[in-house]
Amino acid sequence: MIKFDSVNVVFERKNEQFTAVDNVSLQIDQGNFYGIVGPSGAGKSTLVRTVNLLQRPTSGNVFVNGQNVTSYKDKELRDLRLGIGMIFQHFNLIKNASIFSNVALALRASNTPENEIKNRVYELLELVGLKDKADVFPNLLSGGQKQRVAIARALANKPKILLCDEATSALDPDNTKEVIATLKSIKENYPLTVLFITHQMEVAKTLFDEVAVMEKGRVVEQGSCYDIFAHPQSQAAKNLIKCSIKGVIPEEILAHEKDLYLITYKEECAYESVISYISRQFNLDISIIAGNIEYIQKKPLGRLLISLKSSDEQSKAKALAFIKEKAFVHEFNGEI
Ligand SMILES: Nc1ncnc2c1ncn2[C@@H]1O[C@H](COP(=O)(O)OP(=O)(O)OP(=O)(O)O)[C@@H](O)[C@H]1O
Ligand SMILES: [Mg+2]
């Protein structure tokens with residue numbers, strides 16, 4: 001469990017104060033896969049670094065597993081950090097040490113008895129599917145494999161919390177998938193709370209249970225991953241989600257089409273029945289411009305962009321009212 005209680009981080013910049021984290025309160029339950037998204041400079045890394053006190057809050061409190069850690073020093077701080085694993089965008093592996101040694105290092109740092117290290121390293125490499133790479137050096141591994149080594153190292157001391165700062169952002173799509181699959185399989189077999197920063201919406205969709213959207217130091221929106229993708233409220237969330245569907249519809253097509261409506265289907269609703277029904281019932285010409293169904297937290301989220309052409313405003317209004325009973329519908333203005 002992680003709890004941020006009115007956390008502020010203020011930096012001194014050229015004699016000016018700059019608030020990087022602005023009064024953030026959030027609770028991340030044990031076992032949750034929790035995402036933090038938001039534009040560059042939003043304060044995501046700074047906030048996450050307060051969990052293991054790589055960054056001390058200027059004010060407010062951070063609770064880890066029920067303990068207020070904000071004023072921890074020396075031994076308490078060392079123990080706190082041993083109980084929190086962290087992985088980064090650029091893996092931070094030691095280049096001139098084998099994969100085995102890279103993982104063993106984390107165990108030596110916590111004074112693990114030398115006779116236990118070998119078994120534990122192989123156990124960890126097995127967990128991330130890299131047992132056969134123990135004697136290889138990092139430069140022979142793909143980015144995805146390097147990140148999996150970093151995950152093994154981060155989990156060496158059996159932390160209850162894993163912090164991930166853009167852990168897949170430097171990877172191509174295949175390597176990203178590989179790392180996501182590894183994290184998912186670990187989560188199924190291991191009681192871990194994961195706090196994961198990303199700007200990749202595809203990653204957010206496949207991984208997170210809950211998500212917080214940050215902008216200018218503040219949490220502007222927070223909730224279940226499904227709800228935020230289905231019905232983003234804040235401009236920041238809308239911008240991020242727009243990025244993930246942008247490019248699906250060519251600008252030229254949008255410029256020619258009029259009377260566009262974006263329908264977001266509720267979970268159980270099927271596309272075809274609504275569209276064919278209103279077309280028949282209200283004698284409307286409907287063209288489907290774009291549509292997709294994706295699955296978030298195993299629940300379907302369907303979106304359909306339609307052009308509703310009619311010279312009869314009254315039947316158009318009736319048709320829209322009918323759709324509204326079954327689904328969420330907005331006049332499309334280029335965003336969700
Ligand atoms: N040590 C520091 N001293 C001064 N300013 C800092 C310091 N660390 C971060 N900042 C500033 O705080 C703001 C938030 O930075 P942070 O790295 O937390 O953003 P972020 O959301 O992680 O961005 P990105 O997506 O680019 O990683 C930025 O404007 C950054 O320049
Ligand atoms: Mg960052």
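Positions are given from 1, in the same order as the sequence printed here. Below, all heavy atoms of this structure are taken into account, side chains as well, without hydrogens, waters or symmetry copies. First listed ligand is number 1; within each ligand, the first listed atom is number 1.
- Phe4 is not listed as a side-chain neighbour of Gln27, based on a closest heavy-atom distance of 4.5 Å or more.
- Residues meeting the salt bridge (charged side-chain N to carboxylate O under 4.0 Å, His left out) test with Glu178, sequence neighbours left out: Arg148.
- Between the side chain of Asn92 and the backbone N or O of Phe88, no donor-acceptor pair lies under 3.5 Å.
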Distance-only check: which donor-acceptor pairs under 3.5 Å involve side-chain atoms of residues 282-290, not counting sequence neighbours?
from   : atom 1 : to     : atom 2 : distance (Å)
Ser287 : OG     : Lys309 : NZ     : 3.2

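- Geometrically, Lys299 engages Tyr226 in a cation-pi contact defined by less than 6.0 Å to the ring centre and at most 45° from the axis.
- Using modelled atom types, one finds no donor on one side chain facing an acceptor on the other under 3.5 Å when comparing Asp29 with Asn32.
- Side-chain contact of Asn8 with Ser59: a donor-acceptor pair under 3.5 Å is present, judged by distance alone.
- Between the side chains of Ser279 and Ser276, no donor-acceptor pair is found at a separation under 3.5 Å.
- Each protein N/O/S atom under 2.8 Å from the Mg ion (ligand 2) was counted, for a total of 1.
- Residues with a heavy atom under 4.0 Å from ligand 1: Phe11, Arg13, Phe18, Ala20, Pro39, Ser40, Gly41, Ala42, Gly43, Lys44, Ser45, Thr46.
- A donor-acceptor contact closer than 3.5 angstrom is absent between the side chains of Glu215 and Ser234.
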